[in-house]
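Side chains are part of it too, since the values below use all heavy atoms of this structure and drop only hydrogens, waters and symmetry mates. Within every chain, numbering begins at 1; the chains are lettered A, B, ... in the order of the sequence lines, protein sequences first and strands thereafter.
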Protein chains: 2
Amino acid sequence: MPPVFKPIRPKKLSEEIVTQIKNLIANGDLKPGERIPSERELAAFLGVSRPSVREAIMVLEAMGFLESRQGGGTFVRSLTERSIADPLASMVERRDPRMLQALTEVRMGLETWSAYLAAKRAEDSEIARLRELYEVMEEQAGSGGWDPKIDAEFHLTITAATHNTLQVHVLDTIQTLFQTTIMVTLGEFYTKEGYIELLLNHHREILEAIAAHDPERARQKMMEHLTLVEEKLALFLQRERPDTA
Amino acid sequence: MPPVFKPIRPKKLSEEIVTQIKNLIANGDLKPGERIPSERELAAFLGVSRPSVREAIMVLEAMGFLESRQGGGTFVRSLTERSIADPLASMVERRDPRMLQALTEVRMGLETWSAYLAAKRAEDSEIARLRELYEVMEEQAGSGGWDPKIDAEFHLTITAATHNTLQVHVLDTIQTLFQTTIMVTLGEFYTKEGYIELLLNHHREILEAIAAHDPERARQKMMEHLTLVEEKLALFLQRERPDTA
DNA sequence: TCCAGTAAGGTGGTATGACCTTTTAGCATG
DNA sequence: CATGCTAAAAGGTCATACCACCTTACTGGA
């Protein structure tokens, strides 16, 4: 069975309607603010039942293309805003503390593993790059600053040093979620609370463990580092949202 | 007019249902791959009509949380499926040995982390479940058999015991990639080569470490176990495809 | 004993039609 | 001309029925 034959798709009726309406909007036949025909009319035009049309409209509404008002009609929304985010992002973006905690924890698992693998396989050039980044951190720390970007790149470089494409991909996905939500805020938090010196030490220890090709120690140090991050994040979330069951 | 009065929002029934189901997924009450109650059952539970439930499911399907199969049922999708699996699916399907090796390695990182967390948080019921599964393994091993399904469920149960929804989803995604390619074949390989006794020991040690709530030991034992799996996989791939660039 | 073919029940998919609430717009009244 | 009422029309909900498909278990044969 060399070929995958075909991804047979018994296309659902409502899916077909969704595509049609989406095309109409894309072509400009339906303009923003405009009212589309009523569900009954659409059903008649398309020769399908009203529930089918309704399901299609519900989907388009969920995707942000349409907006329905009872008694009013269904209208085309301006598509400047909306972007149908993927499930993961929509879960995390709710700022649900438990979800953020889960995210941090997964990241901890992946990054400690990255550190472990990196210590086994890092090439000299990669270690040199880490050292560069560390020196930038040190310099900035001298003037009391902390750049989340440099921090992120440091971690990213470590993962890259695993030479595992998948690991890089997975962690990048997680990292993106993290970054878009809190990374920056957390950076400010560090600065204000005077954790910079401690963070600097952590990164130096991680760097040294990797440079020494000592997987276990690298894992251990990364663990210590991220445990601190997790604690501070919990503290931060608690302050911002004291209302938790 | 100091008070803006109130932006009265007539809450749609289906929207309410969407929120409820989304929360169930976020809480981990609905796990990836799991089948949710039928539309008729849900309608009965919630005290609403089937069309309302259907609309909610359609929306969740459009958002990527669910997947419906006619005649089959409606299933929970991995939150990370889109962001992680989809881009990689084509790569893994090629049976590219390097990619499989990378996959195994990522899995190793995640599963050792699961074992660590599970040892910290596993509840008695979960430990009991693991024990059950182990006993089934033991029994089957007596007659010289090895069921990849039981094996997979054992590992899945451990991850579930982390009580980290995200970890469950991420690992499910990885596991799916794995399973669709080799899991079964690997099972036959074990049987033929007489590794069953060793595998049984591994699982018992992991189980005991988790039951004793000893995170470090659980991690260590899981690591040993998966290291063996990795070795055998490499051996297997080498035999089947001696042609490697 | 095992396996294949088949039959039945359950599932989602679609269709019909009815009734409700809300909105809208036209109309009648002051 | 303005106001308030009313009726038509829109979406929202519900009940029901039937269809297509998958799953399962049973039964028959090898």
[options]: which one has an atom nearest the side-chain heavy atoms of [X]?
X: A/S38; options: C/dG13, C/dA15, D/dA10; answer: D/dA10
X: A/E55; options: D/dC21, C/dT14, C/dT16; answer: C/dT14
X: B/E39; options: D/dC14, C/dG12, D/dA10; answer: C/dG12
X: A/R35; options: C/dA15, D/dA10, C/dT11; answer: D/dA10

May I have the distance from [X] (atom [atom1]) to [N] (atom [atom2]), rounded to whole angstrom?
X: B/R54; N: C/dA15; atom1: CZ; atom2: C1'; value: 11 Å
X: B/E67; N: C/dT11; atom1: CD; atom2: P; value: 18 Å
X: A/L42; N: C/dA15; atom1: CG; atom2: P; value: 14 Å
X: A/L46; N: C/dT14; atom1: CG; atom2: C1'; value: 14 Å
X: A/R50; N: D/dT13; atom1: CZ; atom2: P; value: 11 Å
X: A/E16; N: C/dA15; atom1: CD; atom2: P; value: 13 Å
X: A/Q70; N: D/dA8; atom1: CD; atom2: C1'; value: 15 Å
X: A/I57; N: D/dG11; atom1: CD1; atom2: P; value: 6 Å

Side chains of [X] and [Y], donor plus acceptor under 3.5 Å:
X: A/S14; Y: A/S52; answer: no
X: A/R98; Y: B/N27; answer: yes
X: A/T162; Y: A/S114; answer: no

Exercise for the section: Report yes if a donor N or O on one partner sits less than 3.5 Å from an acceptor N or O on the other, where the partners are the side chain of A/R69 and the base of D/dG12; otherwise report no. Expected result: no
Query raised in the report: Side-chain donor or acceptor of A/R40 under 3.5 Å from a matching atom on the base of C/dG17?
Result: no
_Please determine whether a side-chain nitrogen of the Lys or Arg among B/R121 and A/E105 lies less than 4.0 Å from a carboxylate oxygen of the Asp or Glu._
yes
Kindly indicate whether the side chain of B/H169, heavy atoms from C-beta on, has any atom under 4.5 Å from the side chain of B/R77. no
